[in-house]
Amino acid sequence: MDASKIHLSVRDLVVEYTSGGDTIHAVNGVSFDLEKGKSLGIVGETGAGKTTIAKSIPRLLQSPPAHIRSGEIYLDGEDILQMSGDKLLDIRRRKISMIFQDPMTALNPTMTIGAQVAEVLRLHESMSRHDIEKAAAEMLSRVGIMEDRYNEFPFQFSGGMKQRVVIAMALACRPDLLLADEPTTALDVTIQAQMLDIISHMRDKFDTTLILITHDLGIVAENCDVVAVVYAGKVIEYGSREDIFDHPSHPYTLGLFRSLPSFALGERRLHPIAGMPPDPRYIPEGCAFHPRCPRAAYACKTGHEVANRELSPGHFCRCMFPETGGVSVRGGFGGHTPDQPPGGVDTAGPGGPNRPPSDQTAAVGEDTGPGGLAGHAPDQFAEGGGASHA
Amino acid sequence: MGRYILHRLLLTILVVLGAAVVIFTIMHFVPGDPVEILLGNDATLEQYAAKRSELGLDKPFLIQLWNFMYKAFLRLDLGASWTRSTPVLAGMLERLPRTFLLGILSIILTTVVAIPIGVNAAIHQNGLQDRGLIVAAMVFISVPEFWLALLLIILFSLKLGWLPSFGIESWKSYILPVVSGSMASICTLARQTRASVLDVVHADYITTARSKGMVERDVIYGHMLPNALIPIITMIGMSFTACVGGTVVMEQIFSFPGVGLYLSDAISRRDYPVIRGCVVVMAAFTAILMLFVDLAYGYVDPRIKAQYISSSAKKGKVNEKRHRRPGPKHHSGHGNESQ
């Protein structure tokens, strides 16, 4: 991997929350690199530490209770965690934007939406008041909000409209790095597709690096070049989209795919992962996943940290007994991804929309189940994965 | 907006009429004979009867009530004080500005001091400032105002001789009453501010504001405070009543010639016209001040505005009376024209 292209590099990030006398180990040594313009999907169950990872990057975690215990976060070679207050504000104004999970609460209820978008521009650029208002209105119209609603308040907007405003706010300053924390979880499926279209459209235009946090594997398949699967605050599997979707190796990743409805294989029941995610106060020794893992052996339960193994170039897995056969589960998540995203916005990535699918996806694609729900995701971005684990 | 204000003003008239009837009735049945107090113990029965009929107290209750209401509301004549023989309205209007100034100064002092203290305590929750506020609030809320006032008089008037202890000679006369009268409300308001800022301090939109790269001070005063203001405004609004009613205790201690002292003197002398007049004027002023406070709600929180618009559009006028927190209405689309 070309080191000069690395845009964001997270090294051994450890974040803890303290509440009462308890220490919650939310993030326990996360590392990844991301090239400029690429997109990383962070996948995992609720409470796995996804949001904490994202919020640590612009240092938006509320402290207390959160503490970044150790680690480095380099953006364009500078460590954000060591930055002075002013420099950090500048990074937030110019380089990093975040789309928050819940559009219902992410907007200030006593400010007009126009003013909230204009605020971003005011902090970002030195323009006259009039120009800022004009630019804010233009930004809003780009996400499909008419100018005459500029002076309305968030309570006058529906959830989908609010999320558009949140997205407009995040994109208004043309960030280099966009952190999208479950940007579509609160929305219904059609709106989801529209929002993702808007984001990917903007990304194509401004070559934005994206970190997309979600628990929806279908969204990852459509939007991400690289995928990190997070469990109990650790990246347990990391690789290009093809690595993860075509050769899932960690038993947890396999479990995630198996727990999706698989129409293609004629399955009648879901196969959930047995057990519960670990209590983040008491993370199991050895491999954190061992209490739920069907393959767990004695070695998994001892106090040694499981080494991060590189199964193939760029594909890392934190497991002693990874699955190495080419198990494709692409048909399994297919039910989540419509063949063509609605909305009509040009979503074609560098790879072009009609790029022929890889062999493995084709094999499953022929097996399309009832209703054609199992279609695979269109390849929007160049395949091959832009990032690797250093 | 104009229509709403008119509506509220009409309601105000009803409130004032009601207050007049209630205070008249209460004073009529309260023990204590004003004639006896006026004439003293040496008066003869004839003198007593003559005075009684002069004041109109020999007539039946309803006739007395009618006479009072007729004079007060149709002729705008609140009568004259029995003990001072000066017109009540003149007496009120002479004292009202002083009391009003005292009240306004107290509110300004309270607001200016309490809100930053409360905000800081909330931001540094469980920190030194926060604990300091909680302790100070406990002390000053529990300490009786008059005791604090006396201590301040001892220190600043007797020992140091900096400030006058009674009357109104100059602007200095306002300092001690304002400060001693505000201490408790500063603490109460600071605690209220702390509590309502704490409600919003962890809100998602605050993180959103920070993610824009805003300076922390702008986040606090631009995003947190506006959302925390509603309960704070309610409290400040309540203290406006003191602007017209006066704080009886403070005015007594500092012999401050305001409405509070006027009223408390009148009560002890059973000076009915003064009592009734004061209550009527105070009711009117209070109702109008409350209207301003309600309008301020709508200004601060657009949701209240909308709530008012939607509820009045749906249910019509009846609801407006019950709904005490409406705001101005000027939105296009779902205005009040549809009523």
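Every chain is numbered from 1 and lettered A, B, ... according to where its sequence line falls, protein lines coming before strand lines. Bear in mind that the values here come from a model prediction, so they are computed numbers and not experimental data.
- Here OG1 of B/Thr207 is found 6.5 Å from CG of A/Leu60. Values are rounded to the nearest 0.5 Å.
- For the atom pair CG (A/Leu89) and CD (B/Glu216), the distance works out to 9.0 Å, reported to the nearest 0.5 Å.
- In this structure, A/Thr110 and B/Pro226 approach most closely via the heavy-atom pair OG1-CB, 3.9 Å.
- B/Asp204 places none of its side-chain heavy atoms less than 4.5 Å from the side chain of A/Gln101.
- A 4.5 Å side-chain heavy-atom check between B/Met214 and A/Arg93 finds every atom pair outside the cut-off.
- For the 3.5 Å distance criterion, the side chains of A/Glu119 and B/His223 qualify, holding a donor opposite an acceptor.
- The 12-atom threshold is exceeded at OH of A/Tyr17, counting heavy atoms of other residues, nucleotides or ligands nearer than 6.0 Å.
- Contacts of A/Pro58 with chain B are absent, with no heavy-atom separation under 4.5 Å from either backbone or side chain.
- A heavy-atom distance below 4.5 Å is not found between the side chains of A/Pro154 and B/Tyr205.
- Under a cut-off of 6.0 angstrom, the local environment of CZ in B/Phe292 is sparse, with at most 12 non-hydrogen atoms contributed by other residues, nucleotides or ligands.
- Proximity to chain B (any heavy atom under 4.5 Å) is restricted, for A/Leu123, to the side chain, taken from C-beta onward.
- In this structure the side chain of A/Met98 never reaches within 4.5 angstrom of the side chain of B/Arg210, judged on heavy atoms.
- Counting non-hydrogen atoms of neighbouring residues, nucleotides and ligands closer than 6.0 angstrom, the CG atom of B/Leu128 reaches no more than 12 such neighbours.
- Within a 6.0 Å radius of CG in A/Asp86, other residues, nucleotides and ligands contribute 12 heavy atoms or fewer.
- The environment of NZ in A/Lys36 is crowded: more than 12 heavy-atom neighbours from other residues, nucleotides or ligands sit within 6.0 Å.
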- From CA spacing to verdict: side-chain contact (heavy atoms from CB on, under 4.5 Å), B/Thr208, A/Leu107: CA-CA 7 Å; B/Thr208 309; A/Leu107 294 173; 5.6 Å; no

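- Summarising the geometry, atom OG belonging to B/Ser211 is positioned 10.5 Å from atom CD1 belonging to A/Ile99; distances are rounded to the nearest 0.5 Å.
- Between the side chain of B/Lys212 and the main chain of A/Val117, no donor-acceptor pair closer than 3.5 Å is present.
- Heavy-atom distances place no part of B/Val200 under 4.5 Å from chain A, backbone and side chain included.
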